[in-house]
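Read through the structure below, which is laid out as structure tokens, and then see the notes.
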Amino acid sequence: MNSKNNNMNTLTINKETATVTEKLVSGSFTVIDALLKENVSTIFGYPGGAIMPIYDALYDFRKELNHILVRHEQGAIHAAQGYSRVSGKTGVVFATSGPGATNLVTGLADAMIDSTPLVCITGQVFAHLLGTDAFQETDIINITTPVTKWNYQVTDATEISTVLAKAFFIAKTGRPGPVLIDITKNAQLQMLNYQEYQQCNFIRSYRPTPEIRIEYVAQAAKAINEAKKPFIVYGQGVILGNAEKEFLHFMEKSGIPTAWTIMGMSAIPTNHPLAVGMLGMHGNYGPNLYTNECDVLIAIGMRFDDRVTGRLDKYARQAKIIHLDIDPAEIDKNVLADIPVWGDCKDTLPMLTELIDQKTHQDWFQKFREAKAIEVERLIQPELFPTEGEITMGEVIQILNELTNGEAVIVTDVGQHQMIACRYAEQTQTRSNITSGGLGTMGFALPAGIGAKYGAPERTVVAIMGDGGAQMNIQELGTIMQFQPNVKILILNNNFLGMVRQWQELFHEKRYSFTDIQSPDFVQVAKAYGIKGNKVKLREDLKLALVEMLEHPKSYLLEVAVRMEDNVFPMVPQGKGVSEIVLRKEDI
Amino acid sequence: METEKKEYTLTIYTENHVGLINKIAIMFSRRKISLESFNTSPSEVPNIYRFTIVVIEAASVVKNLVKQIEKIIDVFKVYCNTNDEIVWQQMALYKVPTKIIMQEVRVERLLREFGANTVVIREDYIIFEVTGQREEINSFLVELEKYGLIEFVRSSRIAIINKSEGIHNSILEMEKLNPALKEINNEFLDKKDQVFQM
């Protein structure tokens, strides 16, 4: 091989007639150049045959572009999601063709349903081999079409620049989402005359944000001003739109009780005086109960997921629905809106704030307080401050809150621990709650935690998982071993696939069909990867163990043995309306 | 919410990109909605394609579907119409044995009655053509079955929307202001022997 700058050297052509300087470079170089021009600093990826030319070009820029070598492509994409969710930047993933590309599919689906901006670049076999079942060939474009916001296959290097510019524009604008660009190996190797990279800010068939209709903003303000029992429910749209401040102004001026979806959590401090808690199947008691009593429901940047609404024909039928969303397809999708307010909430919220009256709703608020008191007495107190028996998941989160002052990034997996963490974690700043909300992907937390640490290096990142999810991407301990991101790994082990077991107990006559999962000694596994760890079983050891985990200068794995057959309550049983929420299993 | 299922004709204007048929088709298959008819062809404006799709579904379902299809990056606009809002046609070809049809039918009367045309006349077979709606095409089919029909084919629906002025002018304007970027197709598929491979 020749010189270091193998990909971009050769010649700089100064055509006498040309005004711009063109360089003869490889397609792979144009990929790297696009990333640099898009201010990408971190890539999560895994090399392989069909993406080798891009990795070769990356070799010259390994200082500018921090490439994290994961242990599985699924780990790469979840890490990119974690990175994006804490930082607000677009996550970037490299993977090779065939199995490398198909391993991204779960992460793409997760990012699609949770609206996470990603640009995934996959290598592909030579263009002349497409359709021949070549080694490591797979039709990744058609495989990923339903789980990407946009995807495109490049077979000619001259397209790489414009296509990547489009990719970054599409991923980040409007309702964000994952984009996959598949580049055949010949295009990566092809030499071309290259001009400057140009960012994309317009695609003629794509309208990122809908036009704001002033008359609907006015109608919404009127409805809010006339409401006796208004209720705000908001989702991740507030975070994705960087509209936390605008939202806070709106909420505080309106004085309306406010609840969040799991994806919206942390956009406002969880202890804000107007905050009444989380919505949904395992959300707080009051917000679910009073969804069916409010007279105006103001939904902001949320999509009425079935886990939030329960039975649709029993969801807020009495209320006038105001729905603010950037995606017109979300309006009327699940819940019919009386007043649709299309647009980016960063724009529409200030318009609305301007028009509403400054108010408090003390009597209405009192009802939420009373509901909270019932929930605290029956559920929260015994769960967070138990005095006997084995450790509960809730008390682990409670001590974590104390020790971190609610400043940590909490990354969760899926299941009981996720519901408990999201119910009880205190969060003081936005982009603190990273979880797989829509898709419910087990194995999300560990790689997403790694990515989150790169996205917010100055913050404490705690990846919380159950004993089931812990093993689903456990290979990423290898990534931690090699690159040393300081991620705190907290495994809440109940020796069960707890959420499924809970449903088997409640709805399948306790027939525990394959939910009794056995796990390895997680501390020993961590040790094998050079990661310090500890396991606690006794309440008196818990706090110190958490302190040690948090104070350890590197990654640390703490396994906590928790009660085996605890259930998560309250619960909106499947097929029931939100106000049929129950506090104990006897009430189902 | 209206739950009665009706026939809806969707008219979709798109960029001319590889793979777009799939992106549109999976919107229906994902919801397990079968397509009654699916037509795609270049529109009157260069680089812009027009899809005409017919489904039988409830209004609320179709309404959401339309919004989801409009979200596809390369889609410009989706119109959704009931049958009373459009003029539509299909075309059908019928192959029948010449001998039987000549012996048993007065062909000129048959053609008049069903509004059919003759496309090909050969010693062994004749091909008729009917352009019209489902009933017209079907009734001629039933008629010809009596005379030893050899082959039949029907095209998908094409439709013109009564009310709208279409987007003819606005896409022409757009094409003038922001011309389509040419997509590069795979130039290598037939050059296997000449390409370096590994």
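Chain letters run A, B, ... following the sequence lines, proteins first and then strands; every chain starts at 1. Quantities reported herein were computed from a predicted structural model and do not represent experimental measurements.
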**Message:** Which atoms of A:I170 are under 4.5 Å from chain B, going by heavy atoms: the side chain, the backbone, both sets, or neither?
**Reply:** side chain

**Request:** Using side-chain contact (heavy atoms from CB on, under 4.5 Å) as the criterion, point out the one residue from A:V154, A:T158, A:V163 that pairs with B:I184.
**Result:** A:T158

**Asked** Taking everything shown except B:I158 itself, do over 12 heavy atoms lie less than 6.0 Å from its CD1?
**Response** no

**Which portion of B:K71 sits near chain A, non-hydrogen atoms under 4.5 angstrom** = side chain

**Message:** Is A:R175 in contact with chain B via its backbone, its side chain, both, or neither, using a 4.5 Å heavy-atom distance?
**Reply:** side chain

**Asked** Given that the side chain runs from C-beta out, which part of A:N142 has a heavy atom under 4.5 Å from chain B: side chain, backbone, both or neither?
**Response** both

**Message:** Can you confirm whether more than 12 heavy atoms, excluding those of A:W342, are under 6.0 Å from its CH2 atom?
**Reply:** no

**Item:** Gap between atom CG of B:N64 and atom CD of A:E330 - 0.5 Å precision
**Value:** 9.0 Å

**Winner by heavy-atom pair count (cut-off under 4.5 Å) against chain A, out of B:V66, B:N178, B:L177** = B:N178

**Message:** Return the OG1 to NZ distance between A:T148 and B:K23, rounded to the nearest 0.5 Å.
**Reply:** 6.0 Å

**Closest non-hydrogen atom pair between A:H128 and B:F188, with its separation** = CB-O, 3.2 Å

**Toward chain B, the part of A:Y152 with a non-hydrogen atom under 4.5 Å** = side chain

**Asked** Does CG belonging to A:D133 count more than 12 external heavy atoms closer than 6.0 Å?
**Response** no

**Prompt:** For atom CD1 of B:I160, is the number of surrounding heavy atoms from other residues, nucleotides or ligands below 6.0 Å larger than 12?
**Reply:** no

**Message:** So, taking the atom named OH in A:Y206 and the one named CD in B:E70, what distance separates them when rounded to the nearest 0.5 Å?
**Reply:** 14.5 Å

**Within 6.0 angstrom of B:E123 CD, more than 12 heavy atoms from elsewhere** = no

**Test item: B:E175 and A:R204 side chains (from C-beta on) under 4.5 Å apart, heavy atoms** = yes

**Message:** Can you confirm whether B:E183 sits close enough to A:E159 that some side-chain heavy atom of one is under 4.5 Å from a side-chain heavy atom of the other?
**Reply:** yes

**Prompt:** Given the options A:T162, A:V125, A:D327, A:I203, which has more heavy-atom pairs under 4.5 Å with chain B than any of the others?
**Reply:** A:D327

**Message:** So, taking the atom named OG1 in A:T132 and the one named CG in B:L189, what distance separates them when rounded to the nearest 0.5 Å?
**Reply:** 9.0 Å

**Message:** Between A:S205 and B:F76 (side chain of the first, backbone of the second, donor and acceptor by atom type, cut-off under 3.5 Å), is there such a pair?
**Reply:** no

**Request:** Please state whether the side chain, the backbone, both or neither of B:N185 comes within less than 4.5 Å of a heavy atom of chain A.
**Result:** backbone

**Prompt:** Is there side-chain contact between B:K67 and A:K333, with at least one heavy-atom pair below 4.5 Å?
**Reply:** no

**Asked** More than 12 heavy atoms of other residues, nucleotides or ligands under 6.0 Å from CD of B:Q133: is that the case?
**Response** yes

**Asked** Is the count of non-hydrogen atoms from other residues, nucleotides or ligands lying under 6.0 Å from A:E211 atom CD greater than 12?
**Response** no

**CZ/B:R31: more than 12 non-hydrogen atoms of other groups inside 6.0 Å** = yes

**Prompt:** What parts of residues 12-20 of chain B touch chain A if we use heavy atoms and a cut-off under 4.5 Å?
**Reply:** B:E15, B:H17

**Complete:** If one checks every heavy atom of B:K77 against chain A at 4.5 Å, the contacting part turns out to be neither

**Message:** If we define contacts as heavy-atom pairs under 4.5 Å, which of A:T184, A:T155, A:I141 has the most with chain B?
**Reply:** A:T155

**Fill in**
d(B:E187 CD, A:N186 CG) to nearest 0.5 Å is 11.0 Å

